[in-house]
Amino acid sequence: MNFISNPANVRKWEKFKKNKRAYYSMLILFYTYILSLFSPLLINNKPLFVVFEGSVSFPIFSFYPETKFGGNNLTEPNYKKLNRQEQFTNSSNYMIFPPIPFGVNEDNLDSLEEGTNPPSKPNLRHWMGTDDRGRDVFTRIIYGYRLAMTFSLILIIVEILLASIIGGIQGYFMGRLDLFLQRIIEILSAIPFLYLILIMGSFFGRGFMVLIVTYGSLSWIGLSYYMRGEFLKLRNQQFVDAAKTLGASSFSIIMRHLLPNSITPLVTFLPFILISAISVLSALDFLGYGIPAPNPSWGELIGQGRERLTAWWLITFPSVALFLTILFSAFVGEGLRDAFDPKDKVAYE
């Protein structure tokens, strides 16, 4: 019987769904993240398709030189300017842009009101204003959300894998191996995370994978303690003795018996790992040690707002997005904690 169809887990899922605040928060996070994965189709300065001289092109998926649309250069055209040229304004040629026609790194200087310099206030065209380079803030918040959630979900997988493997080995085999691994963990836990980021950045440069490797190499330590404790508790259970009597190998016992029974408590930590990862990424971007420019980031936008206090929208909108994401994740974590708690809540009047 697998993890999903297990009757005990089905009951926990039903209990979680009864917590409406947690359930709807999970749906909001899930659907907004799925929607953000398709943001290039919804928010982009490249057209979804171009009809030119009877042929259809899809610039949002492929590179096309300007010469394909009657231009003179072999570089990619500025499709907005191209759309205003004679071959598109006075003919049957046309192009269809996404609902929000702004690129994540596009400077929208042409669309700003006359006499206005970036950063510009929110208006009907740029709902959340523009940043110091004229880039649309709403666009960068959506793309930043996709980046932050992807970063956090990858970290969750890395943490669960490392904590399960190392903590499980410690708890199952115990003895000298447990002591040896525990000393290594104590050394790793003493390494300052910010110093490690600076060292890794100086050798390998700033980047998404560098942050994943650096943060993931230390963030699993706290979870490994829980896995170690679960394995220590379960290894003396009767079903483990029965499996050993039947000749099952240690690998089989760990994978088929101990791990499925010990992984359940870790589920309650998933939303809080998400909160931690998003907070750390935003803080590093704010300090200038995170994802390098011109990648979109909430922390980078807030950093711009710190330097331009009169541009209140640069602080307000990314801060609200960060606050709501953390708040909904905390609600999900609260719901999971209650769902996996064997004791029901008791209300005293």
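Heavy-atom basis, side chains included; hydrogens, waters and symmetry copies ignored.
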Would you check if the side chain of [X] reaches a backbone N or O of [Y] as a donor-acceptor pair within less than 3.5 Å?
{"X": "Thr150", "Y": "Leu147", "value": "no"}
{"X": "Asn295", "Y": "Pro292", "value": "yes"}
{"X": "Ser202", "Y": "Ile199", "value": "yes"}
{"X": "Gln304", "Y": "Asp131", "value": "no"}
{"X": "Ser189", "Y": "Ile185", "value": "yes"}
{"X": "Tyr145", "Y": "Thr325", "value": "no"}
{"X": "Ser36", "Y": "Ser39", "value": "no"}
{"X": "Trp313", "Y": "Ser120", "value": "yes"}
{"X": "Lys46", "Y": "Phe61", "value": "no"}

Does CZ in Phe97 sit with more than 12 non-hydrogen atoms of other residues, nucleotides or ligands closer than 6.0 Å? yes

Could you tell me whether [X] and [Y] make a salt bridge, using a distance below 4.0 angstrom between a side-chain N and a carboxylate O?
{"X": "Arg11", "Y": "Glu14", "result": "no"}
{"X": "Arg308", "Y": "Asp132", "result": "yes"}
{"X": "Arg135", "Y": "Glu300", "result": "yes"}
{"X": "Asp178", "Y": "Arg228", "result": "yes"}

Could you grab the distance from atom CG of Asp338 to atom OG1 of Thr268, nearest 0.5 Å is fine? 10.5 Å

Between CD1 on residue Ile302 and CD on residue Glu307, distance to nearest 0.5 Å: 13.0 Å

Check step by step if ring pair (Phe, Tyr, Trp, His ring centres under 6.0 Å) holds for Phe317 and Phe138. CA-CA 8 Å; Phe317 293 121; Phe138 178 76; 9.3 Å; no

Please verify the inter-ring angle class for Trp13 with Phe16; under 30° counts as parallel, over 60° as perpendicular, anything in between as tilted. parallel

Fit a plane to each ring of Tyr215 and Phe193, take the angle between them on a 0 to 90° scale, and name the class: parallel (under 30°), tilted (30 to 60°) or perpendicular (over 60°). perpendicular

Taking a hydrophobic cluster as the set of Ile, Leu, Val, Met, Phe, Trp and Tyr residues connected by side-chain heavy atoms closer than 4.5 Å, whether directly or through intermediates, do Met227 and Ile221 fall within one such cluster? yes

Are the ring centres of Phe52 and Phe88 closer than 6.0 Å? yes

Where do Met149 and Leu274 land on the side-chain contact (heavy atoms from CB on, under 4.5 Å) test, with the steps shown first? CA-CA 8 Å; Met149 289 294 288; Leu274 185 74; 4.2 Å; yes

Tell me, do Ile184 and Phe180 make a side-chain contact under 4.5 Å, heavy atoms counted? yes

